[in-house]
Peer 1: 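The structure under discussion is supplied below as structure tokens; questions concerning it will follow.
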Amino acid sequence: MAVAPTRAPSRSAAFVIVALALFVLLLDGNLPTPLYAVYREEFGFSGTTLTLIFAVYAIALVPSLLVFGQLSDRVGRVPVIVGALAVAALGLVLLAVAHSTIELLLARAVQGAALGAAVGTVPAALVELHPTGDHSRAAIGAVLGQSGGSAAGPLLAGALAQWAPAPRQLSYLVGLALTIVAAAAVLMVREPRGETGEWQIQRPSVPPEIRAAFARAGMTCAACWAVGALFLSVVPSYASKLLDTSNLALLGAISATMLAMACLAQVACLRGSLTPRRAQPLGLALLIAGIGALIAAFPLHTLVLVLAAALLAGSGLGFGYFGSQAEINDLAPDERRGEVTAAFITFVYASVSVTAIATGLMSDALSLSAAVAITGTTVASVAAVTAAWHVSSLRGGRRRAHRPE
């Protein structure tokens, strides 16, 4: 008896499948967030090592992006996305069986490499798969996939670790199942790219005429994700000490709340009239307020301020990330878009890695609360200077627009 061939999903369904694949990749990468304190207690490593375990994810992501950034132009979008999901699945297996710090570092590096291979491919595939080719609609698929998956990871892992058996394995097994399903679904998608190109390593580069605007947007995104890195690495331990609790569901929910607010802010940007240039200083102002609440929470020993910090910082991250990414998309010349995007991602993730590792070093030399206070104050200062730069640039643009010829 003949078996009917499997019909490829429609373009709309394929768009959703690829966006969900990005969601799953980010969920996988953020499952360890509420478990770092558990690993630290079981394996006995320092605060510096804790943040290095977090940072190695970003450190591995950048070279993976540079090497595989244009591979999908040559072999197609679908094989690269499926390959990234396969590598992510390997990372989850390594996390589930990890019994030492070295094994954790290896697993996180594998996860970073998986996301690096996909982070440039998925947005391109979403543009090609959108039924009308709408870049804005494609952007919201990428943004929600990334921020939504980042929020879901800590929430899922925290809940399972707190209330289900095998706290150091179960969340990874659930993630593994979701990753396999996502890979199977992507395999059904008809390849959206008709032609092939030449594969070359994606070289980071910024044309001289846009470097000032690039630096302003890059500093915005770096400041926002530096605070995001705090919430995904040391804030669970910080909140655990502050509240004298080991409730992993609560600790995961704090990080998830911050990232969920980022999602809401990004949707508000896309649905409203807030331009990318105006979204960035607004995001930085909210980010500074969130940092202030986070620093004040420790001496006051209050959960309310921790949650306020998550809400404010998450909103700031959402507005700042949306605005900076959208401005980079507008600034980059079509013929050099890959180079500019690679430079932007490299700058942001390098900043995140330095922030995380510096916080770990200070937590060992001083204390966790002092490290968060110093890092937070430093990032807030950078955010304030960058926000002032945005405001000055906007005012200068208005003056030029009204200047008589």
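For this chain, numbers begin at 1 and follow the sequence in order.
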Peer 1: Measure the spacing between OG1 of Thr48 and CG of Asp364 and express it to the nearest 0.5 Å.
Peer 2: 3.5 Å
Peer 1: Do Leu95 and Val110 come within less than 4.5 Å of each other through their side chains, counting heavy atoms only?
Peer 2: no
Peer 1: Between Val340 and Leu331, is a side-chain contact (heavy atoms from CB on, under 4.5 Å) present by the stated rule, with each step listed?
Peer 2: CA-CA 9 Å; Val340 174; Leu331 288 170; 5.9 Å; no
Peer 1: At their closest point, which heavy atom of Ala279 faces which heavy atom of Cys269, and how far apart are they?
Peer 2: CB-SG, 4.2 Å
Peer 1: Which value, rounded to the nearest 0.5 Å, describes the distance between Thr377 atom OG1 and Ile291 atom CD1?
Peer 2: 8.0 Å
Peer 1: Sub-3.5 Å donor-acceptor pair from the side chain of Thr257 to the main-chain atoms of Ala253, do we have one?
Peer 2: yes
Peer 1: Would you check, one step at a time, whether the test side-chain contact (heavy atoms from CB on, under 4.5 Å) holds for Leu31 with Leu92?
Peer 2: CA-CA 9 Å; Leu31 284 173; Leu92 291 172; 3.9 Å; yes
Peer 1: Using side-chain heavy atoms (C-beta onward) and a distance below 4.5 Å, is Asp28 in contact with Leu115?
Peer 2: no
Peer 1: Answer yes or no: is there a donor N or O on one side and an acceptor on the other, between the side chain of Thr346 and the main chain of Ala342, under 3.5 Å?
Peer 2: yes
Peer 1: Could you pull out the closest heavy-atom pair between Phe54 and Val352, with the gap in Å?
Peer 2: CE2-CG1, 4.1 Å
Peer 1: In Å, rounded to the nearest 0.5 Å, how long is the span from CG of Leu284 to CE of Met219?
Peer 2: 9.0 Å
Peer 1: For residues Ser147 and Cys263, report the shortest heavy-atom separation together with the two atoms involved.
Peer 2: CB-SG, 3.2 Å
Peer 1: When you check the side-chain N and O atoms of Ser369 and Ser367, is any donor under 3.5 Å from an acceptor?
Peer 2: yes
Peer 1: To the closest 0.5 Å, what do you measure between CG (Leu65) and CZ (Phe68)?
Peer 2: 11.0 Å
Peer 1: Rounded to the nearest 0.5 Å, what's the gap from CG on Leu312 to CD1 on Ile288? Could you check?
Peer 2: 11.5 Å
Peer 1: State whether Glu128 and Arg77 are salt-bridged, where the test is any N-O pair (Lys NZ or Arg NE/NH1/NH2 against Asp/Glu carboxylate O) under 4.0 Å.
Peer 2: yes
Peer 1: Would you confirm whether Ser353, through its side chain, and Tyr349, through its main-chain N or O, come within 3.5 Å as a donor-acceptor pair?
Peer 2: yes
Peer 1: Let me see the working for Glu42 and Arg168 under side-chain contact (heavy atoms from CB on, under 4.5 Å), right down to the final yes or no.
Peer 2: CA-CA 11 Å; Glu42 293 212 9; Arg168 286 201 292 113; 3.2 Å; yes
Peer 1: Is there a side-chain contact between Arg11 and Pro192, using heavy atoms and a 4.5 Å cut-off?
Peer 2: no
Peer 1: Considering non-hydrogen atoms only, spot the tightest contact between Trp389 and Ala215 and give its length.
Peer 2: CH2-CB, 4.0 Å
Peer 1: If we ignore angles and hydrogens, is there a donor and acceptor under 3.5 Å between the side chains of Ser237 and Ser240?
Peer 2: no
Peer 1: Parallel, tilted or perpendicular: which one describes the rings of Phe298 and Tyr238, with boundaries at 30° and 60°?
Peer 2: tilted
Peer 1: A cation-pi test, strictly: NZ or CZ of Arg108 under 6.0 Å from the centre of the six-membered ring of Tyr57 and no more than 45 degrees from its axis. Yes or no?
Peer 2: yes
Peer 1: Quick one: closest heavy-atom pair of Ile295 and Ala373, and the distance?
Peer 2: CD1-O, 3.7 Å
Peer 1: Can you check whether His390's main-chain N or O pairs, donor with acceptor, with Gln280's side chain at less than 3.5 Å?
Peer 2: no
Peer 1: Return yes if a side-chain donor-acceptor contact under 3.5 Å exists between Thr359 and Thr375, otherwise no.
Peer 2: yes
Peer 1: Any side-chain heavy atom of Leu35 sitting closer than 4.5 Å to one from Ser171?
Peer 2: yes
Peer 1: Side-chain contact test, heavy atoms from C-beta onward, threshold under 4.5 Å: evaluate it for Ser255 versus Pro34 and give yes or no.
Peer 2: no
Peer 1: Determine whether Leu294 and Phe231 make a side-chain contact, defined as any pair of heavy atoms from C-beta on separated by less than 4.5 Å.
Peer 2: yes
Peer 1: Hey, what do you get for CD (Gln325) to CD (Gln146), rounding to the nearest 0.5 Å?
Peer 2: 8.5 Å
Peer 1: Using a 4.5 Å cut-off on heavy atoms from C-beta on, say whether the side chain of Val18 contacts that of Ile81.
Peer 2: yes
Peer 1: Return yes if some donor-acceptor pair links the side-chain N/O of Glu327 with the main-chain N/O of Ala213 below 3.5 Å, else return no.
Peer 2: no
Peer 1: Please test Arg277 against Ser393 for side-chain contact (heavy atoms from CB on, under 4.5 Å), starting from the C-alpha separation and ending with a verdict.
Peer 2: CA-CA 9 Å; Arg277 291 291 303 280; Ser393 176; 2.6 Å; yes
Peer 1: With no hydrogens and no angle check, is any side-chain donor or acceptor of Thr51 less than 3.5 Å from a backbone partner on Ala356?
Peer 2: yes
Peer 1: Write down the atom of Ala371, the atom of Ser363, and the distance for their closest heavy-atom approach.
Peer 2: CB-N, 3.5 Å
Peer 1: Side chain to side chain contact (heavy atoms under 4.5 Å, CB included) with Asn247: which of Thr245, Leu251, Leu243?
Peer 2: Thr245
Peer 1: Is the shortest heavy-atom distance from the side chain of Phe45 to the side chain of Leu104 under 4.5 Å?
Peer 2: yes
Peer 1: Hey, does the side chain of Arg190 reach the backbone of Pro9 with a donor-acceptor pair shorter than 3.5 angstrom?
Peer 2: no
Peer 1: Within the supplied structure, the quantity of interest is the number of heavy atoms (other residues, nucleotides, ligands) at a distance under 6.0 Å from Glu41 CD; does it exceed 12?
Peer 2: no
Peer 1: If only atom types and distance count, is the side chain of Gln266 paired as donor or acceptor with the main-chain N or O of Phe322 below 3.5 Å?
Peer 2: no
